[in-house]
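What follows is a single structure, written as structure tokens, with notes after it.
Computed from a predicted structure; not experimentally measured.
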Amino acid sequence: MGLAQQVEVQVEGDHPELVSNVEAFIGEVDGRSEDNLRRYAPTAVGQAKEALRALGYYRPTITWDIVASDSEALARLALKISPGEPVKITSRNVTIEGPAGDDPDFTDAIPQSPSVGEVLDHGAYSNLKDTIRSRARKLGYFDGQFLSHTLKVNPEEKSAQIRLVFQSGQRYRLGEVTFADDHYFETSLLEDFVTFEPGTPYDADIIARLSRNLSSSGYFSGVDIDASPNQAVDREIPVRVTLTRRDPRSVAAGVGFSTDVGPRFRGTWREHWINPMGHKRGAETELSKPRQNLTTWYELPLDPPMTDSIRLTAGYQGEDIENIASDRLTLGQQWQHQLDSGWLQVLSLRWEGERYDIDGADTGKSSLLLPGASYTKLHQDSALDPSQGYRLQFDVSGSHRAVLSDVDILHVYTQMKGLYTLAGRHRFLARFQFGGVATNRFEDVPPSLRFFAGGDQSVRGYGYQTLSPENDDGVPVGGRYLLVGSGEYQYEFADRWRAAVFVDHGNAINDLLDPLATGVGVGIRWISPVGPLRLDFAKGLNSELGGDWRIHFSMGPEL
């Protein structure tokens, strides 16, 4: 039963969709007298029949009555509906003639509904036709048309027959891409954003991808692509791109907070283009009580510029965490390349000079030349709040005393994260981290290349970087290995709000058989417009390793 202002709709049986459709067809009815409702009743009955026919019920029985008003309420028109037996699809014949009939990208997208045996739904039938038309436009069958589109309904036999014949015509092709003048950049750079050759079969997704590639380059504030079939010559569509250059520089600043480092300030300066070749440069800084860093970079785009680049970097980082103070200078370069398999490859060569002081008793300095390789693969269904996906990361770097280094080091690190959502509200997250250092003199390995555990992104219930082997004074000095695993369950109890329970297990150790620490807890998640915010209440179960009740607050993506 439903109520649309002064019209009350009652349908026999369990048919909420019929009630909703009748109410939608009748619309707003309010402020009418009893006599006015009596005059309106035949119209309401007609509207109800039309609403029922739209969902396949052609022979309903509808009666109506006026429920008199009292001193406070208006009179109501009560419609009592017995929908009867619905009309069902008895035959469906959908034929695609022409080249599209052999194109799986076209035929696989045709809806299976309405199908034989289903109750007739005129909306589903219209959607079937609209999908065929829109698919033809998307894939470049611009001359396509229906030769036949019939829906024969026999209410007495409660049957409906669908017959659609679509002639696709020849598929159009994409022609040469040209760029309007005044874009400033070298044409060869812009052409590197184009991922198709002239003669490629038309697909709207290809044009959309070109627009995204140019927009995400950071060079332009506006991208307009004209690929109209009206401009086609012999079914080949020229592609004309008009670009609006963005302002060359931008500055951004922000503040944040986490229980690991407390309040922090971030600042970024970027020069999005500095010459027609598309070179970029910038500087980034992050300031907090335990950590201060400044990084500058200069980037050269490669082919394709969406994923490949060479970046030159220089930076300084100072840290004072758990009685370990260090100052580190870095110089290096990175070559980033997207592999055909989807992995992002970064090959690097960097020099690091570090001076450190452990609890005022152990001081040292190091100079290392570190070639390295990193491989990352991220798959997720949403960048801001994914419901499923995974991240895989593998890093390896090393140094040798024969090549401008004080100590031989092989440093490896891997991280795996997974996210799966069940039934829309139940989310399961898993995380695994492993790292290791092979060296001939571990005491000469600087703190920045040793492993520490504990904190918001590691083992909760323990202080930030407090889990590691200790020196004679009880100060964590970092371990040879890192081993951390985590499991978390989240339940969405309201829109953009989730409750969580979790268990973390791991440590930074010198021997793989050393004991690991365990932390458990509960938390709450809010999916803010800028990303997830996490508040956790954790209990470290190993008091001998520093476990205790702790509050952890952090923000950022889950993968």
Any heavy-atom pair between the side chains of L164 and K129 that's under 4.5 Å? yes
Shortest non-hydrogen pair, S258 vs R264, comes out as OG-NH1, 3.4 Å
Is there a donor-acceptor pair closer than 3.5 Å between any side-chain N or O of S528 and the backbone N or O of G531? yes
For the residue pair S113 and L128, what are the closest heavy atoms and their distance? O-CB, 4.4 Å
Indicate whether any N or O donor in one side chain lies under 3.5 Å from an N or O acceptor in the other, for T150 and R163. no
Only one of F193, F179, F220 passes ring-ring contact (aromatic ring centres under 6.0 Å, His included) with F185; say which it is. F220
To the nearest 0.5 Å, how far apart are CD1 in I89 and OH in Y125? 10.0 Å
Could you walk me through whether D143 and R235 pass the salt bridge (Lys or Arg N to Asp or Glu O under 4.0 Å) test, one step at a time? CA-CA 10 Å; D143 298 329; R235 295 191 179 87; 3.6 Å; yes
With a 4.5 Å cut-off on side-chain heavy atoms, are D308 and Q338 touching? yes
K158 and E156: side chain to side chain contact (heavy atoms under 4.5 Å, CB included), yes or no, with the steps? CA-CA 5 Å; K158 304 180 185 65; E156 293 183 358; over 6 Å; no
Are the side chains of D103 and R171 in touch, meaning some heavy atoms are under 4.5 Å apart? yes
Does a side-chain heavy-atom distance below 4.5 Å link R240 with V177? no
Begin from the C-alpha positions of D385 and R498 and carry the test salt bridge (Lys or Arg N to Asp or Glu O under 4.0 Å) through to its verdict. CA-CA 12 Å; D385 183 33; R498 302 182 182 120; 2.8 Å; yes
Looking at S159, is its backbone amide N or carbonyl O close enough to the side chain of E157 to form a donor-acceptor pair, meaning the two atoms are under 3.5 Å apart? no
What heavy-atom pair brings G455 and D260 nearest, and what distance separates the two atoms? CA-OD1, 3.4 Å
Determine, stepwise, if the pair D381 / S387 fulfils side chain to side chain donor-acceptor pair (under 3.5 Å). CA-CA 7 Å; D381 55 6; S387 62; 2.3 Å; yes
Verify, without hydrogens or angle tests, whether T107 (side chain) and G101 (backbone) share a donor-acceptor contact under 3.5 angstrom. no
Would you say the side chains of E118 and S115 form a donor-acceptor pair under 3.5 Å? yes
Can you find a pair of side-chain heavy atoms, one from L37 and one from W64, that are under 4.5 Å apart? no
Side chain to side chain contact (heavy atoms under 4.5 Å, CB included) for D504 and E488? Distances and angles first, verdict last. CA-CA 9 Å; D504 300 334; E488 181 169 315; over 6 Å; no
Return yes if a side-chain donor-acceptor contact under 3.5 Å exists between N213 and S211, otherwise no. no
For a 4.5 angstrom cut-off between non-hydrogen side-chain atoms, does V22 reach V7? no
Distance-only donor-acceptor pairs under 3.5 Å for side chains of residues 48-59, two or more places apart:
unit_1	atom_1	unit_2	atom_2	d
Y58	OH	H122	NE2	2.7

About how many Å separate CG of D192 and OG of S217, when rounded to the nearest 0.5 Å? 12.0 Å
Are Y491 and H426 close enough that their ring centres sit under 6.0 Å apart? yes
For the student: nearest non-hydrogen atoms of G175 and V239, plus distance: O-CG2, 4.4 Å
Does a donor on one side chain sit under 3.5 Å from an acceptor on the other, for T259 and D456? yes
Would R249 count as a cation-pi partner of W269, with NZ or CZ less than 6.0 Å from the six-membered ring centre and within 45° of the ring normal? no
Worked verdict on H272 versus S250 for side chain to side chain donor-acceptor pair (under 3.5 Å): CA-CA 8 Å; H272 303 281; S250 66; 2.7 Å; yes
For S20 and E17, indicate whether the former's side chain and the latter's backbone hold a donor-acceptor pair under 3.5 Å. no
Do Q393 and T376 meet the criterion of a side-chain donor-acceptor pair at a distance under 3.5 Å? no
Where the side chain of R38 meets the backbone of D65, is there a donor-acceptor pair that is under 3.5 Å apart? no
Between E492 and Q490, do the side chains contain a donor N or O and an acceptor N or O under 3.5 Å apart? no
Can you confirm whether or not the ring centre of Y489 sits under 6.0 Å from the ring centre of F502? no
Do H183 and L190 come within less than 4.5 Å of each other through their side chains, counting heavy atoms only? yes
Please report the interatomic distance CD1(I26) to CG(L79), rounded to the nearest 0.5 Å. 5.0 Å
Taking the side chain as everything from C-beta on, heavy atoms only, tell me whether R39 gets closer than 4.5 Å to N36. yes
Rounded at 0.5 Å granularity, tell me how far CG in D226 sits from OG1 in T242. 8.0 Å
State the OG-NZ distance between S91 and K152, to the nearest 0.5 angstrom. 9.0 Å
For the ring pair Y202 and Y172, is the centre-to-centre distance below 6.0 Å? no
Among R427, Q380, R391, find the one that has a side-chain hydrogen bond (donor to acceptor under 3.5 Å, both in side chains) with E558. R427
Do the rings of Y184 and W273 sit parallel, tilted or perpendicular, given the 30° and 60° boundaries? tilted
Working for side chain to side chain contact (heavy atoms under 4.5 Å, CB included), residues T285 and T268: CA-CA 7 Å; T285 185; T268 302; over 6 Å; no
Heavy-atom pair of closest approach, residues P532 and I527: CB-CD1, 4.0 Å
Can you tell me if H552 and R534 form a side-chain donor-acceptor pair at under 3.5 Å? no
If we ignore hydrogens and angles and just use 3.5 Å, is the side chain of D234 paired with the main-chain N or O of E236 as donor and acceptor? no
When the ring planes of W526 and W497 are compared, do they come out parallel, tilted or perpendicular, using 30° and 60° as the limits? parallel
What's the shortest heavy-atom distance between L189 and P301, and which atoms? CD1-CG, 4.1 Å
K80 side-chain N/O to V9 backbone N/O, donor-acceptor pair under 3.5 Å: no
Between Q47 and Y40, a side-chain donor and acceptor under 3.5 Å: yes
Spatial distance of atom OG1 (T61) from atom CD (E12) [nearest 0.5 Å]: 8.5 Å
Chi angles and distances behind the side chain to side chain contact (heavy atoms under 4.5 Å, CB included) call for V94, I132: CA-CA 10 Å; V94 179; I132 292 174; 4.1 Å; yes
Under the salt bridge (Lys or Arg N to Asp or Glu O under 4.0 Å) rule, what do R525 and D536 come out as? Steps first, then yes or no, please. CA-CA 9 Å; R525 310 286 182 261; D536 291 323; 2.7 Å; yes
Report yes or no: is the cationic atom of K280 (NZ for Lys, CZ for Arg) closer than 6.0 Å to the six-membered ring centre of Y219, at no more than 45° off its axis? yes
Report yes or no: does Q6 contribute a side-chain atom to a donor-acceptor pair with the main-chain N or O of A75 at less than 3.5 Å? yes
